[in-house]
Structure formats: structure tokens, C-alpha cells
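Written below as C-alpha cells is the structure these notes are about.
All heavy atoms count here, side chains included; hydrogens, waters and symmetry mates do not. Because the structure is predicted, anything quoted here is derived from the model rather than measured. Labels below follow one simple rule: chain letters A, B, ... track the order of the sequence lines, proteins then strands, and each chain is numbered from 1.
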2 protein chains.
Amino acid sequence: MLKMAYVDSMVRTATTLDVFNAIGDRRRRDILDCLARAPSERAVGELVSEVGLDQPTTSKHLRVLREVGLVNVRRAGRHRLYSLNAHAIKAVHDWTRTFERFWQHQLTKIKEHAETAHRADQQDTDPTKKGT
Amino acid sequence: MLKMAYVDSMVRTATTLDVFNAIGDRRRRDILDCLARAPSERAVGELVSEVGLDQPTTSKHLRVLREVGLVNVRRAGRHRLYSLNAHAIKAVHDWTRTFERFWQHQLTKIKEHAETAHRADQQDTDPTKKGT
DNA sequence: TTGACATATGCTAAAAATGGCATATGTTGA
DNA sequence: TCAACATATGCCATTTTTAGCATATGTCAA
């Protein structure tokens with residue numbers, strides 16, 4: 001139901017601009033990890049060195065992180081000091097927490113035989129046998 | 001032409017096929033949320049109704065979820081019953097937990113004045129003035 | 001077997017994301 | 001003001017992802 005009559009403007013999934021999508025990129029996660037580690041603030045140039053991307057690319061990823069609120073920026077002379085805004089990551093944390101109860105159970109009761117029984121089904125269910 | 005001297009394997013960011021990327025898509029998150037809610041297993045047809053995607057699209061998203069280990073499949077007659085594999089989500093949960101200490105502090109000590117002081121800098125630093 | 005049903009896959013066109021390079025913008029100091 | 005430095009943006013070409021439709025594959029029942 002409600003197959004949503006695609007209003008021509010949302011032909012696609014729409015906004016990629018949310019935290020979940022932002023952390024889907026490994027580079028951006030690298031940046032976040034980097035900001036979480038050492039000093040609380042980093043100039044773009046430092047991130048460029050640590051993450052290993054070139055400056056424009058780094059700036060673009062930082063922009064995405066900025067737009068979804070994952071990082072903060074502050075000016076310091078000709079530098080821009082980026083810092084983590086962990087609060088945004090909390091959204092993801094909270095979402096994953098929704099599933100917490102599952103793996104708590106799954107590991108104890110289910111997993112044991114799921115590893116054996118279910119495995120059989122999956123092997124022939126998850127083909128990956130692309131070629132026809 | 002032949003511009004791609006590129007090592008052929010790492011032309012881009014590489015494997016998009018990891019859990020983080022999988023949950024970056026809202027549709028897929030919807031599917032996961034769905035599987036987390038009601039009965040522990042769902043036939044594809046049921047997911048189609050609940051999530052609101054057409055069958056092929058649903059199957060494709062399920063495939064992605066399957067390939068990154070976020071869901072399990074089991075055959076039941078002509079149906080395929082999908083169930084959540086929360087264990088895979090735990091990976092994301094653990095990653096976010098890395099930042100837990102930040103928002104615990106940020107909310108208490110930092111946030112208070114960060115909301116005011118830093119905001120000023122950001123406004124003029126986070127333009128979003130796309131059009132030029 | 002045949003036919004209805006359930007789900008997966010192939011193919012194509014379009015959209016979105018990305019890397020790279022060039023360059024604009026903003027800052028500091030002489 | 002000019003030059004050097006730091007960072008952000010614009011633009012282009014390419015890769016990736018995805019929606020949609022058609023259809024293949026597999027299952028059950030008569």
C-alpha cells in the first residue's frame with residue numbers, strides 16, 4: 001500500500017545527507033577516527049597528512065561531515081580547526097542500540113545452532129552465482 | 001584514452017560492501033527496523049508490503065543486507081524467510097561506542113558554551129552557500 | 001507436466017558520489 | 001598592495017548505485 005506515486009522530484013532515494021550515509025564512507029570514518037584520537041582539534045592540513053587524501057578531497061569530505069553535523073569548525077588564523085561533534089554520532093549509536101537485545105540473545109541461545117543449521121540453508125540461498 | 005593506468009583494483013574507495021555502507025541507505029534501514037519489530041522472520045512479500053518498495057527492489061536490498069551479513073535467510077516452501085542478524089549491527093554499535101566518552105563530556109562541560117561560542121564561527125564557516 | 005505463486009537476477013537509463021585539477025577566497029606578514 | 005600560505009569550490013570525467021521492467025529460477029498443487 002501507499003506505493004507513493006513518485007512525485008518526479010524524488011525519483012531516487014533523495015537526501016544522502018544524513019549521518020548514516022556520511023559514516024558509510026570509509027574515508028570519512030577515517031577522518032572521524034582521526035579527530036577522536038589525538039588533540040581535539042585539527043587543521044585541514046593535518047588531516048590531509050594523517051588520512052592520506054589530498055587537500056581538496058579532504059575538504060569535500062569535511063564539508064559532508066560538517067553538513068550532517070558530525071564535525072565543528074573553528075577559525076584560527078588561516079587555518080580551520082575541525083573537531084568532532086560526537087553528539088551526531090550518538091544518533092547512530094542510539095539506532096544500533098535498538099538492536100542490542102537481539103545480539104544479546106542471539107549469541108547465547110540462537111547462534112549456537114544457527115551457525116550449523118542455518119548455514120546449510122544460506123549456502124544455497126545466498127548464491128552469488130551471478131552467471132546464469 | 002586509456003586514462004586508467006589506475007591499479008585496476010583500487011580505482012575508487014573500493015568495497016562498498018560493508019555494514020556501514022549497507023545501513024547508509026534508508027530503505028535498508030527500514031527493512032532492518034521492520035525485521036526487528038514483529039515476528040522474527042518475514043517473507044519477502046511481507047517486507048514488500050511493510051516497507052513499500054516493489055518486489056525486485058526489495059530483493060535487491062535484501063541481497064545487500066545478506067551479503068554484508070545483516071540478515072539471514074531460510075527457506076520455507078516457496079518463501080524465503082528473512083531474519084535479522086543483529087550481530088552484524090554490533091560492529092557499528094561498537095564503532096560508535098568509541099565516541100561514547102565524547103558526548104558524555106560534550107553534553108556536560110563543553111556543549112554549554114560550545115552552543116553559543118562555536119556557533120558564531122560555524123555560521124560563517126559552514127556556508128552552504130552552494131550557488132555561486 | 002502444467003500453472004500459479006514467490007523470489008531472484010539481468011539489463012538499461014538516470015542519478016549521485018567521488019577524485020583530480022585548477023582556481024577562487026580568505027588570512028597573515030612584509 | 002603584494003606574496004605566500006591554508007582551505008574551499010567549481011567543473012569534468014568516471015564509477016557506483018539504484019529504480020524499473022522483464023524474465024529466469026524454484027516451489028507447490030492439481
Q) B/Val64: what forms a side-chain contact (heavy atoms from CB on, under 4.5 Å) with it, not counting sequence neighbours? A) B/Ala22, B/Arg28
Q. Whole-Å distance between D/dT23 P and B/Lys60 NZ?
A. 15 Å
Q: Measure from CG on A/Asp18 to P on C/dA17 and round the result to the nearest Å.
A: 11 Å
**Q.** Short side-chain to backbone donor-acceptor contact, A/Arg42 and A/Tyr82, under 3.5 Å
**A.** no
(Q) Quick check: is B/Val51 connected to B/Val68 through a chain of hydrophobic side chains (ILVMFWY, heavy atoms under 4.5 Å apart)? (A) yes
Q) Expressed in angstrom and rounded to an integer, what is the separation of B/Leu17 atom CG from D/dT17 atom P? A) 8 Å
Q) Within this structure, what is the CG-to-P distance between A/Leu65 and C/dA17, rounded to whole angstrom? A) 14 Å
Q: Not counting sequence neighbours, list each pair that qualifies as a ring pair (Phe, Tyr, Trp, His ring centres under 6.0 Å) and has a residue in residues 20-55 of chain B.
A: B/Phe20-B/Trp95
Q: Among the candidates C/dT18, D/dA19, D/dA22, find the nucleotide nearest to the side-chain atoms of A/His61.
A: C/dT18
For nucleotides 5-7 of chain D, list the nitrogen or oxygen atoms of the protein found under 3.5 Å from its nitrogen or oxygen atoms, one pair per line.
from, atom 1, to, atom 2, distance (Å)
D/dC5, O4', A/Arg78, NH1, 3.3
D/dA6, O3', A/Arg78, O, 3.4
D/dT7, OP1, A/Val44, N, 3.1
D/dT7, OP2, A/Gly45, N, 2.9

Q: Round to the nearest Å and state the distance from B/Asp54 atom CG to D/dT18 atom P.
A: 14 Å
**Q.** Residue closer to the 5' end of DNA chain C, A/Thr57 versus A/Ala76 (nearest nucleotide)
**A.** A/Thr57
Q.
What is the distance, to the nearest angstrom, from the CG atom on A/Leu53 to the C1' atom on D/dA8?
A. 15 Å
Q: Starting from C1' on D/dT16, measure out to CZ on A/Arg27 and report it in whole angstrom.
A: 14 Å
Q | Whole angstrom value for the distance that separates P of D/dA8 from CD1 of A/Ile31 | A | 11 Å
Q) How would you list, by chain and number, every residue that makes a ring-ring contact (aromatic ring centres under 6.0 Å, His included) with B/His79, sequence neighbours excluded? A) none
Q) Is A/Arg75 near enough to C/dG26 that one of its side-chain N or O atoms lies under 4.0 angstrom from OP1 or OP2? A) no
Q: Name all residues meeting the side-chain contact (heavy atoms from CB on, under 4.5 Å) criterion together with B/Arg78; count only those two or more places apart in sequence or in a different chain, and write none if there are none.
A: none
Q) When you check the phosphate oxygens OP1 and OP2 of D/dT9, does a side-chain N or O of A/Arg63 lie under 4.0 Å from one of them? A) yes
**Q.** Residues in side chain to side chain donor-acceptor pair (under 3.5 Å) contact with A/Thr98, at least two apart in sequence or another chain
**A.** none
